[in-house]
Number of protein chains: 2
Amino acid sequence: MTNRRATIADVAREAAVSPSTASVVFSGKTPVSDATRRRVLAAASALGYVGPDPRAASLRLGRSGIVGVVVGASLNHLFLDPVQRLMMDGLAEAVAPFGAGLLLLRTHTDVENAPTLLTAPVDAAVLIGCDAPLRESLDAARSRGLPLVVIEGDAGSDVPQILLDNRDAQRTAAQHLRDLGHTDVAIVTLRTRAEITSGWLPSDAEITIDVTRERLEGARDVFADAPALATAGSSIDEGLAAGRVLFADPANRPTAVIAQSDLLAAGVIRAAEEAGLTVPLDVSVTGFDGIPVDGLSPYELTTLVQPPTDKGRAAGEAVAAMLEGRVPASVLLTCAFRPGRTTGPVPARR
Amino acid sequence: MTNRRATIADVAREAAVSPSTASVVFSGKTPVSDATRRRVLAAASALGYVGPDPRAASLRLGRSGIVGVVVGASLNHLFLDPVQRLMMDGLAEAVAPFGAGLLLLRTHTDVENAPTLLTAPVDAAVLIGCDAPLRESLDAARSRGLPLVVIEGDAGSDVPQILLDNRDAQRTAAQHLRDLGHTDVAIVTLRTRAEITSGWLPSDAEITIDVTRERLEGARDVFADAPALATAGSSIDEGLAAGRVLFADPANRPTAVIAQSDLLAAGVIRAAEEAGLTVPLDVSVTGFDGIPVDGLSPYELTTLVQPPTDKGRAAGEAVAAMLEGRVPASVLLTCAFRPGRTTGPVPARR
DNA sequence: TTGTATGCGTTATCAT
DNA sequence: ATGATAACGCATACAA
C-alpha cells in the first residue's frame with residue numbers, strides 16, 4: 001500500500017486515458033464517451049480517488065469558493081442577535097449556488113498567527129458593520145484586490161453597500177408615538193462606538209456606529225430633545241438594565257420608550273413589569289427589527305420590520321456579481337412599520 | 001499599468017534576487033541579510049505585492065488553514081443556543097494559533113452546487129452532533145482522509161470525541177429534587193430525533209440524538225416513570241409551550257420540572273408565572289448548561305454548569321493535534337451542579 | 001472524442 | 001546567505 005493519496009494522474013494511468021480526459025470526467029466540461037467515463041470512474045473508485053483536490057483546483061481556477069466574513073467581536077456576541085443570525089443565513093444561501101461557503105474571520109484577536117483576509121484563501125470579503133477595527137480588514141481586502149461588500153457601513157463609494165432606511169423607519173415609529181400624544185419619550189440606543197460605553201448620551205455625543213446614529217436621528221427628527229440612554233449592545237439584559245434606569249423614579253418617567261432593537265425593547269418591557277407598570281397602559285414601548293424574540297411572547301411588539309435575510313442575500317448577490325465580473329449594486333432595503341400591542345395613548349396625568 | 005497581480009517572481013526580479021530568497025523574506029524560514037530583505041520589501045511595496053497568494057501556498061504546503069465545521073440546520077437555529085455560540089468561540093480560538101479559521105458548511109441544503117467537505121479546501125472537519133444527516137459528512141470526511149472530530153456524537157472508535165457526562169450530571173440534579181422530597185416530576189427534553197417531533201414521549205421512544213437520550217437516562221435513573229415532553233429544540237419559547245402543557249391542569253401538575261437546557265427552563269418558568277405559580281414555592285425547575293440566559297434575570301437557575309467554551313477548545317485542540325500528526329485525545333468533560341433559587345421543597349399538599 | 005503540453009504561484013531541497 | 005530547480009495537483013488551449 002502506498003500512503004500517498006491518489007491523484008487524477010494516477011486515475012488516468014489506471015484507466016489508460018490521458019489526465020485531461022480523466023479531469024473532464026469529473027468536471028463535465030467536455031463530452032466524454034460513456035465507455036471511457038465508466039473506465040475512469042472504476043479506476044477512481046479502485047484507487048479511492050473521490051474527486052479533484054480542492055487546493056489544487058483553487059490555484060488552477062483562481063477561485064477557492066470561500067467568502068471571508070469579517071466579524072468584529074466574538075461569535076457569541078455577534079450571534080446573540082437574531083438579526084445577524086438571519087443575515088448570515090441569507091448570505092450563506094446567496095453564495096452557495098456558486099459553490100462558496102463562509103469563512104469566519106475576526107478583526108481583533110490577540111492570538112498570534114490567526115487567519116486574516118491577507119492569509120486566508122478567500123475569493124471575496126464581507127464586512128459586517130464598519131467601525132474602526134474593521135478599517136484594518138478593509139485595507140487588507142483592498143490591498144489584495146478582493147471583491148468587497150460592506151453591510152450597514154460606509155466604506156467609500158467604490159464598495160457596494162447594503163443599507164437600511166434606518167432613519168426614515170425610526171422616524172415613522174416616533175411619529176406614531178407622537179400621534180398617540182406622547183411627548184415625554186426616552187430613547188434606548190444600541191452601542192454607540194467600538195468601545196463599550198453605556199449610559200446617558202450627551203446631546204453632542206459622537207456616534208461612530210452608523211446604525212445607531214441613523215436610528216437616533218430618526219427618533220430625534222420627531223422628539224428633538226428626547227434623552228437617550230446608550231447600551232452596550234442588543235440584548236434583553238441590556239434593555240432590562242436601561243429600563244431600570246428609566247423607570248427608577250416613578251415621579252419622573254417617560255410615557256414612551258423608543259428602543260433601537262426588539263431585544264432591547266423586550267428588556268425594557270421586562271423592566272416596566274418589574275416596576276409595576278403595565279405595557280402599554282402605563283408606558284408604550286417600540287422596538288426595531290421585527291424578528292421573533294425568543295421569550296418575548298405574549299407581547300406583540302410595535303416595531304419596524306426589517307428583512308435581515310434579504311439583507312444577507314443582497315450582500316451575497318453583490319459578492320456573486322463581483323466574482324462573475326458583473327457590476328454589483330448597492331441596495332437600500334426598507335423597513336415596514338408594524339403596529340403591535342405595546343404602544344397606546346398617553347396615560348391620564350399621574 | 002499591468003492588470004495582472006504581481007507574483008513573488010515579479011518581486012524577485014524587481015529586487016534582483018532569486019524567487020526562493022524573496023519567498024524566504026516573507027516566510028522567515030531562513031535567515032536573510034538585512035540588506036536583501038530591505039530590497040525585497042521595497043520591491044514588493046513598489047509592485048503592490050502584499051504577500052504570497054494563499055491559494056498557491058495551500059497547494060504547495062498541503063494545508064489551507066481552513067477547518068470545515070458542519071452544522072446541521074440553519075445558522076439561525078444553531079446559534080440560537082448560547083452553548084453552541086460559546087462552543088464555536090472555543091473552537092475558533094483553539095485553531096487560530098495554527099493560522100486556521102472556521103468554514104461553515106451545512107449538511108442538508110437544497111441548493112445545487114453548495115460547498116461540501118468534498119469540494120471545499122479544508123484541512124480538517126468538525127461535526128457538531130451526529131444524527132443521520134451528518135452521516136453523509138462523516139463519509140465524505142473519511143473518503144478524503146480528513147482529520148475529523150465529532151462533538152457530542154459517536155462516529156466510531158477511530159474518531160476522537162468530545163463528550164459531556166450528561167447522564168451523570170442530569171442524575172445529580174434529579175437526585176437533588178428527590179432529596180427535596182419531589183416525586184411528581186416532569187421532564188422537558190431537547191429534540192429527540194433529526195425530524196422535528198414534539199409532544200409526550202412514549203416510554204419506549206427511540207431517541208437518536210445522543211445528548212437528549214443521555215440526559216433523559218440520567219433523569220430516569222432517579223425518576224424511572226417521570227413523564228417526558230419533547231420539544232423541537234432549545235429555546236425559551238419551546239420551554240414556554242411545554243410549560244403551558246405541564247401546568248394546564250392545576251389539579252394535576254408536577255411539583256418539579258427537569259428541563260434539559262437552561263433556555264427550556266427559562267420558558268418553563270415563564271409558563272409557571274403565567275399559570276400563577278411561584279418558582280420555587282409552587283414548582284421547582286432545573287435547567288442544564290449553566291450559561292447566562294439573556295432575559296432570565298432575576299432568576300438564578302438551579303442547573304448543571306457545562307463548559308461550552310472548553311468543549312470547543314478541546315475539539316480545536318484535537319484538530320490541531322491531528323494536523324500536526326500527533327494523536328488526538330478524546331475528552332470527557334464534566335458538568336458541575338449549581339444550586340440556584342429555582343428549586344425548593346415540595347409544596348404543602350394542595 | 002481524446003491526448004499533449006503548459007502554467008497557476010509557491011516553497012522545500014539541495015548545492016553554492 | 002543566496003540561487004537553481006523541482007514539485008504540489010489540476011484544468012485548459014490546442015492539436016490530433
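Numbered from 1 within each chain, the chains take letters A, B, ... in sequence-line order. A quick note: this is a predicted structure, and the numbers were derived from the prediction, not measured.
Contact annotation for A:S23: base contact, defined as any heavy-atom pair under 4.0 Å involving a base atom. The residue B:V24 sits apart from the nucleic acid: no heavy atom pair falls under 4.0 Å. Using a 4.0 Å heavy-atom distance criterion, B:L59 is classed as a base contact. Using a 4.0 Å heavy-atom criterion, one finds that B:Y49 contacts the sugar-phosphate atoms exclusively. Within 4.0 Å of A:S33, counting heavy atoms only, lie sugar-phosphate atoms of the nucleic acid but no base atom.
A donor-acceptor pair is defined here as one N or O able to donate and one able to accept, closer than 3.5 Å; such a pair exists between the side chain of B:D123 and the backbone of B:S64. For B:D89 (side chain) and A:N76 (main-chain N/O), a donor-acceptor pair under 3.5 Å exists by modelled atom type. Between the side chain of B:R37 and the backbone N or O of B:V25, no donor-acceptor pair lies under 3.5 Å.
Considering only the side chain of A:P31, C:dT1 comes nearest among C:dT1, D:dA11, D:dG9. Closest to the B:V32 side chain, of the nucleotides C:dG9, D:dT2, D:dA1, is D:dT2. Side chain of B:S20, nearest nucleotide from D:dG3, C:dT10, D:dT12: D:dG3. The side chain of A:T36 sits closest to C:dT2 out of D:dT12, D:dA6, C:dT2. Taking the side chain of B:S18 as heavy atoms from C-beta on, and the options D:dC8, C:dT10, D:dG3, the nearest nucleotide is D:dG3. In the set D:dT2, C:dG3, D:dA6, the nucleotide with an atom closest to the side chain of B:T30 is D:dT2. The listed nucleotides are D:dA6, D:dG3, D:dA11; the one nearest the side chain of B:T21 is D:dG3. Of the listed nucleotides (D:dT12, D:dT2, C:dG3), D:dT12 has the atom at the smallest distance from the side chain of A:K29.
In this structure, CD1 of B:I8 is placed 9 Å from C1' of C:dT11, rounded to the nearest angstrom. Between the CZ atom of B:R37 and the P atom of D:dA1 there is a distance of 10 Å, rounded to whole Å. Residue B:D53 contributes atom CG, which lies 18 Å from atom P of D:dC10 at whole-angstrom precision. In this structure, the CG atom of A:L118 is 13 Å from the P atom of C:dT10, given to the nearest Å. Rounded to a whole Å, the CG atom of B:L61 is 11 Å from the P atom of C:dT13. Rounded to whole Å, atom P of D:dT12 lies 12 Å from atom CZ of A:R63. With rounding to whole Å, A:R13 atom CZ is found 13 Å from D:dG9 atom C1'. To the nearest angstrom, C1' of D:dC10 lies 12 Å from CZ of A:F26.
Using a 4.0 Å cut-off between charged nitrogen and carboxylate oxygen, B:D53 and B:R5 do not count as a salt-bridge pair.
Heavy atoms from other residues, nucleotides or ligands lying under 6.0 Å from CD of A:E112 number 12 at most.
If you find the closest nucleotide of DNA chain D to B:R60 and to B:A35, the one lying nearer the 5' end belongs to B:A35.
For the side-chain contact (heavy atoms from CB on, under 4.5 Å) criterion with A:L138, the lone passing option out of A:L117, A:L127, A:V70 is A:L127.
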